[in-house]
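Here is the structure we will look at, set down as structure tokens.
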Amino acid sequence: MSSNGTASDQIAGDFLVKAGRYFTPGDVSADLRTVTRHGGREGDVFYRDRWSHDKVVRSTHGVNCTGSCSWKVYVKDGIITWETQETDYPSIGVDSPEYEPRGCPRGAAFSWYTYSPTRVRYPYVRGVLLEAYRAAKAEHPDPVDAWAAVVGDPETRTRYHRARGKGGLVRTTWDEVNEIIAAAHVHTIRAYGPDPVFGFTDPGHVDGLVRDRQSIHLADRRAMLSFYDWYCDLPVASPQVFGDQTDVPESADWFNASYLIMWAPTCPDPHPDAHFATEARYCSQKGRSVCRTTPQHQVRRRRAPPHPGTDGVLGMAMGTWWLKEFFVERTVRCGSSSTVHLLDLPFLVTLKERDGA
């Protein structure tokens, strides 16, 4: 959509919102955010309007989440009004709690994020950089040459570098921002090779640069940051070793574990299947125990936390003990057989004899 068309839509939307106050009983605030009703049960109309809907559709929340929880979304006049968790998941048997209800607090509030005035809907570029690029483009029609002129001028480069962290972002079009990104990549590859280029890729997504590499002659992909590397809150080893996204085994199997180690994340907050961990603690059949390991202060982990920065050392110590116990000092059949057949550890660790050890 062109910038003119988008602006027209915005003006029309503002007009409809402002016109609505003349058809709505009650006192409308100057910022159009509140409606005050007076007298008896007339205020109940607000609640009836708030929870009314035209239809219910099934959806999920896929922004920064791979839970794929099933939600019922209530829609009125094309606008999401509220959401509830679906309850038609198939049963997984009488020996375990059911999956439903699946959904986290962030999912329940997702409709508020959808229409939030602070939601970023358009591409923004730092104004100093955008002005420099447009000026260079006027002299160099080729985008790559224009970007080379911007970064090749020490004064211009210093000016937009110093503007970082100070705001000053201005709205632009998708065509222009994609052109700048592609021109920057091509110029860097031509000048320094592909090695300095690295990027962040979401799970299950392929960035446009890789997808269009034939058109810009990009022969090699240098994406060194994955979703897990960037957020540092989920185990990258799981998809690398098992092929699954995160949880191995699946969350329902937490209920069958006799000892749970919950490392770093606060499970009940963002995890739709956190109830399995809670239910496992209350199951007395196997005397289950739950251990939390995190350097952060959390209500669920109040006693004997590792010192900040030492949780990695604790993890390496556990791995060292496991290697010595199962492979060096003695060979345990269950450990060695599962490791050989289920993990890629044999390709990662090589034991060599040296000085009789």
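Throughout, numbering of the chain's residues begins at 1 and tracks the sequence. Below, each value reflects all heavy atoms present in this structure, side chains not excepted, and no hydrogens, waters or symmetry copies.
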State which residues pass side chain to side chain contact (heavy atoms under 4.5 Å, CB included) with [X]; sequence neighbours excluded, sorted by chain then number.
X: Y124; answer: V120, Y122, L169, R171
X: V128; answer: R159, Y160, A163
X: H187; answer: V144, W147, A148, V151, A191
X: A135; answer: none

Return the minimal non-hydrogen interatomic distance between [X] and [Y], and the atom names on each side.
X: P123; Y: W174; value: CD-CE2, 3.5 Å
X: G152; Y: P154; value: O-CD, 3.3 Å
X: A136; Y: V150; value: CB-CG2, 3.8 Å
X: F276; Y: S96; value: CE2-OG, 4.1 Å
X: V73; Y: S59; value: CG2-CB, 3.7 Å

- [ ] Please collect all salt bridge (Lys or Arg N to Asp or Glu O under 4.0 Å) contacts where either partner lies in residues 116-139, sequence neighbours excluded, each pair once.
- [x]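 Listed once each, the pairs are R134-E176, K137-E179.
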TODO: Using the salt bridge (Lys or Arg N to Asp or Glu O under 4.0 Å) rule, collect all pairs that involve residues 89-102, keeping only residues at least two apart or in two chains.
DONE: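 Sorted result for residues 89-102: R102-D273.
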Task: Separation between SG of C69 and OH of Y89, rounded to the nearest 0.5 Å - done: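 Taking SG in C69 and OH in Y89, the distance rounds to 5.5 Å.
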Task: By ring pair (Phe, Tyr, Trp, His ring centres under 6.0 Å) - contacts of Y133 (at least two apart) - done: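 Partners of Y133 by the ring pair (Phe, Tyr, Trp, His ring centres under 6.0 Å) criterion come out as none, since no residue qualifies.
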- [ ] Sorted by first residue and then second, give each side-chain hydrogen bond (donor to acceptor under 3.5 Å, both in side chains) pair with at least one member in residues 148-158; sequence neighbours left out.
- [x]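 Counting only pairs at least two positions apart or across chains, the side-chain hydrogen bond (donor to acceptor under 3.5 Å, both in side chains) contacts touching residues 148-158 are D153-T156.
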Are [X] and [Y] linked, directly or through other ILVMFWY residues, by side chains that come within less than 4.5 angstrom of each other?
X: Y192; Y: I181; answer: no
X: W71; Y: Y99; answer: no
X: V313; Y: W321; answer: no

Task: side-chain hydrogen bond (donor to acceptor under 3.5 Å, both in side chains) partners for D142, two or more places apart - done: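 For D142, no residue satisfies side-chain hydrogen bond (donor to acceptor under 3.5 Å, both in side chains) once neighbours in sequence are set aside.
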TODO: Report the residues that fulfil side-chain hydrogen bond (donor to acceptor under 3.5 Å, both in side chains) with T188, sequence neighbours left out, ordered by chain and then residue number.
DONE: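 For T188 there are no side-chain hydrogen bond (donor to acceptor under 3.5 Å, both in side chains) partners, ignoring immediate neighbours.
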Atom pairs and distances, side-chain donor-acceptor, residues 75-86, under 3.5 Å, sequence neighbours left out:
unit_1: K76; atom_1: NZ; unit_2: S52; atom_2: OG; d: 3.0
unit_1: T81; atom_1: OG1; unit_2: Y74; atom_2: O; d: 3.0
unit_1: W82; atom_1: NE1; unit_2: W51; atom_2: O; d: 3.4
unit_1: E83; atom_1: OE1; unit_2: H61; atom_2: NE2; d: 2.6
unit_1: E83; atom_1: OE2; unit_2: S111; atom_2: N; d: 3.0
unit_1: T84; atom_1: OG1; unit_2: Y74; atom_2: OH; d: 3.4
unit_1: Q85; atom_1: NE2; unit_2: G103; atom_2: O; d: 3.2

- [ ] Could you list the residues that satisfy salt bridge (Lys or Arg N to Asp or Glu O under 4.0 Å) with D175, not counting sequence neighbours?
- [x]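 Testing D175 for salt bridge (Lys or Arg N to Asp or Glu O under 4.0 Å), a comparison that skips the adjacent residues, returns none.
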